[in-house]
Undergrad: 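Can you keep this structure in mind? I'll have questions shortly.
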Amino acid sequence: MSYQNVKSTFVLGGARSGKSRFAENLAIDSGLERHYIATGRAWDDEMRARIATHKHDRGTLWTTHEQPIALTDTLMRLDAPGRVVLVDCLTLWLTNLMMEEASDIAAESAALAALLPRLSASIILVSNEVGLGIVPDNKMAREFRDHAGRLHQMIAANVAEVYFVAAGLPLKMKG
Amino acid sequence: MSYQNVKSTFVLGGARSGKSRFAENLAIDSGLERHYIATGRAWDDEMRARIATHKHDRGTLWTTHEQPIALTDTLMRLDAPGRVVLVDCLTLWLTNLMMEEASDIAAESAALAALLPRLSASIILVSNEVGLGIVPDNKMAREFRDHAGRLHQMIAANVAEVYFVAAGLPLKMKG
Amino acid sequence: MSYQNVKSTFVLGGARSGKSRFAENLAIDSGLERHYIATGRAWDDEMRARIATHKHDRGTLWTTHEQPIALTDTLMRLDAPGRVVLVDCLTLWLTNLMMEEASDIAAESAALAALLPRLSASIILVSNEVGLGIVPDNKMAREFRDHAGRLHQMIAANVAEVYFVAAGLPLKMKG
């Protein structure tokens with residue numbers, strides 16, 4: 001496996017699975033200059049509290065970039081050798097895209113996936129697996145599940161390593 | 001492991017996990033004459049669109065059999081050496097059985113599982129894991145989850161290979 | 001790995017995944033005196049039927065202790081070398097704690113996890129993974145998911161072996 005290949009990692013897991021912590025430790029262990037792209041929008045108190053807790057838990061050795069929509073552009077802008085860029089998380093990014101009526105989610109997903117092998121920075125992408133419960137009653141939730149599943153397949157195909165995290169434990173699916 | 005045993009495969013995964021694509025590739029790689037049993041009922045436009053997309057994506061080298069209920073009978077009828085029969089998917093079959101008030105789902109599930117080791121064709125069964133979310137509010141969804149989980153256990157016990165698919169990546173659970 | 005360490009096991013899985021059966025077989029295979037802590041409360045007919053079915057399926061070679069809340073105390077009381085204590089399941093215990101307004105779930109979870117490495121009995125804990133579906137609409141379900149995920153991480157960090165069970169098949173995550 002080439003040096004280039006080993007630098008992109010996809011971390012998939014459930015809610016409170018420890019996936020963010022695992023991804024942060026991967027970034028720390030890399031020894032690279034750490035950048036964090038937070039895709040979550042603080043649109044209510046519950047969300048604001050979660051974001052603040054996460055930021056506090058990460059400590060001060062990260063540069064945090066809040067970017068709910070223009071993820072691909074931000075990755076290009078931040079790209080540089082010697083850096084690790086952690087994106088947490090793709091499902092919040094998808095949620096934000098779905099709120100923007102004009103966005104073409106399939107095209108945005110494909111553009112993100114296609115960018116990954118061309119970056120010089122180490123990239124770690126975190127996402128929530130949401131497709132293992134009962135089919136949701138409402139159509140928007142079903143569409144969200146579909147978008148997330150398709151995005152996850154594209155990302156997994158374009159990174160060197162994929163981990164599934166449950167109960168804080170990583171299971172290597174690829175790499 | 002005997003030749004007979006290695007021919008039956010169960011592919012379990014979430015929504016948009018890539019499980020159908022993975023199963024189709026297993027069938028293609030077998031080099032056998034390909035049959036496809038579609039259990040989904042086109043009862044609304046969303047479902048009709050999903051079925052049409054799947055059929056188009058498979059291309060023309062498959063014989064497709066639409067069979068929402070009589071799955072076990074259809075497998076017996078199609079059974080022949082030199083064939084691979086892909087069933088997509090068991091959760092839609094269960095949904096259809098639940099709509100039929102007279103059906104005994106436990107008995108139907110047991111009959112399907114018991115048939116598998118006696119077939120001469122290679123069989124690939126695809127199903128959705130639906131039991132890894134929050135307990136659903138409504139009783140029918142909980143019953144569906146129970147039926148699906150019990151069926152999956154019976155199928156897994158009666159096939160040679162079981163894969164769990166997430167983000168397009170297979171994880172071998174048995175075989 | 002020390003003798004002490006190999007005696008604690010965490011079995012995580014979905015609804016009807018076969019996780020309880022797998023855990024019971026681990027206990028039976030241990031050859032130890034078998035104790036069973038049932039955390040479920042028979043608060044309606046559906047639940048009562050599930051509990052009765054489980055109890056019947058286990059047979060008579062178990063001592064059953066019904067304990068919806070004071071799980072940590074009960075584990076301390078039952079602790080003795082030569083015993084295996086199976087707890088089924090942690091998510092029902094969490095549900096019961098959430099019904100008690102006074103309970104501090106984070107503290108209770110931490111106390112349970114911290115106790116595990118100090119016990120002389122073999123301990124097998126069963127729990128439902130509930131975090132792999134769509135984000136639930138209601139806040140209590142989201143809080144439950146968060147509590148469960150955090151508890152699972154703490155338990156997994158404090159036991160010797162962790163299994164994820166799907167379709168009746170165990171996947172070893174740790175140990």
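Protein chains get the first letters and strands the later ones, always in sequence-line order, with residue 1 at the start of each.
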Undergrad: Heavy atoms, side chains only, cut-off 4.5 Å: are Leu26(C) and Val11(C) in contact?
TA: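 When only atoms from C-beta onward are counted, Val11(C) and Leu26(C) do touch, with a gap below 4.5 Å.
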Undergrad: Considering only heavy atoms, give the residues of residues 60-89 of chain C separated from chain A by less than 4.5 Å, sorted numerically, with 'none' for an empty result.
TA: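 The stretch does not come within 4.5 Å of chain A.
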Undergrad: Taking the side chain as C-beta and beyond, is there a heavy-atom pair between Leu90(A) and Phe10(A) under 4.5 Å?
TA: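 Result yes, sub-4.5 Å side-chain heavy-atom pair found.
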Undergrad: Tell me the residues of residues 165-172 of chain A whose non-hydrogen atoms fall below 4.5 Å from those of chain C, in number order.
TA: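 Contacts with chain C: Ala166(A), Ala167(A), Gly168(A), Leu169(A), Leu171(A).
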Undergrad: Where on Leu12(C) is there a heavy atom nearer than 4.5 Å to chain A: the side chain, the backbone, both, or neither?
TA: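 The side chain, not the backbone.
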Undergrad: Please report the C-alpha distance between Glu24(A) and Tyr36(A) in whole Å, then the side-chain angles of each, then the deciding distance to 0.1 Å, and finally whether the side-chain contact (heavy atoms from CB on, under 4.5 Å) criterion is met.
TA: CA-CA 9 Å; Glu24(A) 288 161 23; Tyr36(A) 186 97; 4.2 Å; yes
Undergrad: Counting C-beta onward and ignoring hydrogens, is there a side-chain heavy-atom pair between Glu46(A) and Arg142(C) closer than 4.5 Å?
TA: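 Heavy-atom side-chain distance check passes, below 4.5 Å.
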Undergrad: Any side-chain heavy-atom pair from Leu94(A) and Ile105(A) closer than 4.5 angstrom?
TA: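 Yes. Closest side-chain heavy atoms under 4.5 Å.
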Undergrad: Please examine the side chains of Arg41(C) and Leu92(C), heavy atoms only from C-beta on, and report whether any two atoms are closer than 4.5 Å.
TA: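 Not in contact.
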Undergrad: Do Leu125(A) and Leu116(A) have side chains that get closer than 4.5 Å, going by heavy atoms?
TA: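 They are in side-chain contact.
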Undergrad: Kindly write out the residues that satisfy salt bridge (charged side-chain N to carboxylate O under 4.0 Å, His left out) with Asp57(A), not counting sequence neighbours, or none if the list is empty.
TA: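 Salt bridge (charged side-chain N to carboxylate O under 4.0 Å, His left out) check on Asp57(A) returns nothing, list empty.
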Undergrad: Is the number of heavy atoms from other residues, nucleotides or ligands within 6.0 Å of NZ (Lys174(A)) greater than 12?
TA: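 Enclosed: over 12 neighbouring heavy atoms sit under 6.0 Å from NZ of Lys174(A).
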Undergrad: Atom CD1 in Ile124(C), atom NZ in Lys19(C): separation rounded to 0.5 Å?
TA: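 Spacing of CD1 (Ile124(C)) from NZ (Lys19(C)) equals 14.5 Å.
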Undergrad: Could you check if a side-chain atom of Ile51(C) sits within less than 4.5 angstrom of a side-chain atom of Arg48(C), using non-hydrogen atoms only?
TA: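 With C-beta onward as the side chain, the pair stays apart.
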Undergrad: Would you indicate whether the side-chain heavy atoms of Thr95(C) and Met98(C) approach each other to under 4.5 Å?
TA: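 They are not in side-chain contact.
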Undergrad: Is there any residue in residues 144-158 of chain A with a non-hydrogen atom under 4.5 Å from a non-hydrogen atom of chain C, and which ones are they?
TA: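 Residues in range: Phe144(A), Arg145(A).
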Undergrad: Take Asn25(C) and Arg21(C), measure what side-chain contact (heavy atoms from CB on, under 4.5 Å) needs, and give me the verdict at the end.
TA: CA-CA 6 Å; Asn25(C) 286 338; Arg21(C) 179 68 55 90; 4.0 Å; yes
